[in-house]
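Nothing fancy with the numbering, it's 1 onward along the sequence. We use all heavy atoms of the structure for the numbers below, so side chains are in, but hydrogens, waters and symmetry mates are not.
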Amino acid sequence: MNLNLFGHAGQWLMVDCGVTFQEPLNTQNPTLFDVVSADPKFIVEHKEHLAGIVITHAHEDHLGAIPYLWQRFQAPIYTTAFTAEVLRRKLQQFNLLDQVPIIEVNTGDTQNIGVFSVQWLATTHSIPEPHGLVIRTPAGAIFHTADWKIDANPVLGKKFQSRPFERMAEQGISAMVCDSTNALKPGYSTSEAAVYPELKKLISETRNRVVVSCFSSNIARLITLGRIAKETGRYFSPIGRSLQNMVSIARTTGYWPADIPVADQRHLGYLPAEEVLAVATGSQGEPRAALRRLANDGFRDLQLEKGDRVIFSSMIIPGNEDAIAALVRALKARGFNVIQAHETARPIHASGHPCQEELKLLYDWVQPKIAIPTHGEPEHLDFHQKLASERGIEFSFSGRNGDLYVIAPEPRLQKNVVKTGRIPLQFSAN
């Protein structure tokens, strides 16, 4: 989950407001699930100082808490068109659509939000319209990367451009708050386009039904699978509410190609096996998702048979190992041919986060005075801190949830001040 607060001159700017991926509440009853957000107590107590909320992109861990928490904040939300559409559909489910002011912005725009000047910079990631933010104040400027990678050949959007980030070094960046998800992985992340040929081979070489499970928000992967279905004589059909909703949003916002048909899941059971390419929710072993129901032969519109192929075109999110392993066992027990991304040398999944060489390039381009790693477990943050120091960054902080970083007038780290409520209302260069 992500919830960041940037403070200056008595005002606060919130960047992202997400939930965790679902985790079992009770290990004795793993079917009990809930969502978890960051504790908003501090900013709720000072909401009159909250100038606005910025959402960087439409992943659940960046916007999923808004419907639950917005009434506690009651501040305007700034984001781009695709993310706004995702958010509006969520708010509608909570009867909040008419209450929440959403201000749409475009790539490159700069918005004055209270004392903050916020510029949206396009990056590449695994969802449409990902953006990093340059947040400027009289005290200094911060570059908040959000989720990103360097992809020279994305399926959606423009390729990663380095020049806007190189310009930051010329302008001066006080601190860079940067994604650490893949900080332990050497080299570069795989391009989204590289997934296409390998998935096509796996789908083409079988005459049985094929079910692919991937993250529902990865519109590029869904488009890739839609193209493969068309080229291999299969019908592409998303099964599971979140997948169907994402395809609908992609159509509404113009990201879904008009020449890729989408079949209704109710028709899948009537098709010959060699004509079925279904995309199912549940890649992380979620108990109520479509893939789990297929494993248990409890899905009304499609029943799988021995020899059918199930492809996990996704990573294993830390903490979900046991749930995924149990799901794979259930699938294999019924005679399905299961292929997982981490067990094959074929690139059938591309991460949306930067590996070590990409992190090094970004530090060389931006040259911030301070490095603040974010996103990841302690080992990711600590390694990222070491990497930043090796790139010549003067200060690097590896903190934990709730820590406050004082960036100006002198960089220093105050631990746990958010948790204990001792956060100051002002810090600036004065």
Contacts under 3.5 angstrom, residues 247-260 side chains, donor-acceptor by atom type, not counting sequence neighbours:
| residue | atom | partner | partner atom | Å |
| --- | --- | --- | --- | --- |
| S248 | OG | R89 | NH1 | 3.0 |
| S248 | OG | R89 | NH2 | 3.2 |
| T252 | OG1 | R89 | NH2 | 3.2 |
| T252 | OG1 | S248 | O | 3.0 |
| T253 | OG1 | I249 | O | 2.7 |
| Y255 | OH | E129 | OE2 | 2.7 |
| W256 | NE1 | I260 | O | 3.1 |

Output every pair passing salt bridge (charged side-chain N to carboxylate O under 4.0 Å, His left out) with a member in [range], not counting sequence neighbours, ordered by first then second residue.
| range | result |
| --- | --- |
| residues 100-127 | R88-E104 |
| residues 364-373 | D364-R391 |
| residues 133-144 | none |
| residues 175-193 | E192-R221 |

Sequence neighbours excluded, which residues qualify as ring-ring contact (aromatic ring centres under 6.0 Å, His included) partners of Y196?
none
Once ring-ring contact (aromatic ring centres under 6.0 Å, His included) is applied, do any residues pair with H353, and if so which ones, sequence neighbours excluded?
H125
Would a distance-only check, ignoring hydrogens and angles, find a side-chain to backbone donor-acceptor pair under 3.5 Å from [X] to [Y]?
| X | Y | value |
| --- | --- | --- |
| S283 | S213 | no |
| T124 | K149 | yes |
| N320 | G285 | no |

Report the residues that fulfil salt bridge (Lys or Arg N to Asp or Glu O under 4.0 Å) with E390, sequence neighbours left out, ordered by chain and then residue number.
none
Who are the salt bridge (Lys or Arg N to Asp or Glu O under 4.0 Å) partners of E343, not counting sequence neighbours?
none
Considering only heavy atoms from C-beta outward, does the side chain of [X] approach that of [Y] to under 4.5 Å?
| X | Y | result |
| --- | --- | --- |
| M246 | V86 | yes |
| F215 | Q284 | yes |
| S313 | L199 | yes |
| V177 | Y405 | no |
| D147 | T56 | no |

Is the ring pair F42/H46 parallel, tilted or perpendicular, if the boundaries are 30 and 60 degrees?
tilted
F6 and H144: ring pair (Phe, Tyr, Trp, His ring centres under 6.0 Å), yes or no, with the steps?
CA-CA 10 Å; F6 295 94; H144 181 89; 5.7 Å; yes
Could you list the donor-acceptor pairs under 3.5 angstrom formed by side chains in residues 65-79, with sequence neighbours left out?
| residue | atom | partner | partner atom | Å |
| --- | --- | --- | --- | --- |
| W70 | NE1 | A75 | O | 2.8 |
| Q74 | NE2 | Q71 | O | 3.2 |
| T79 | OG1 | I55 | O | 2.9 |

Set out, in order, the CA-CA distance, both residues' side-chain angles and the distance that settles side chain to side chain donor-acceptor pair (under 3.5 Å) for S216 and T281, then state yes or no.
CA-CA 7 Å; S216 60; T281 58; over 6 Å; no
Under 4.0 Å between a side-chain nitrogen and a carboxylate oxygen: does that hold for K201 and E198?
yes
Of the options H375, Q385, H384, which is the one that meets S180 in a side chain to side chain donor-acceptor pair (under 3.5 Å)?
H384
Going by the rule side chain to side chain contact (heavy atoms under 4.5 Å, CB included), which residues pair with Q367 if we only count those two or more places apart in sequence or in a different chain?
A169
Applying side chain to side chain contact (heavy atoms under 4.5 Å, CB included), can you list everything that pairs with E377, at least two apart in sequence or on another chain?
E379, H380
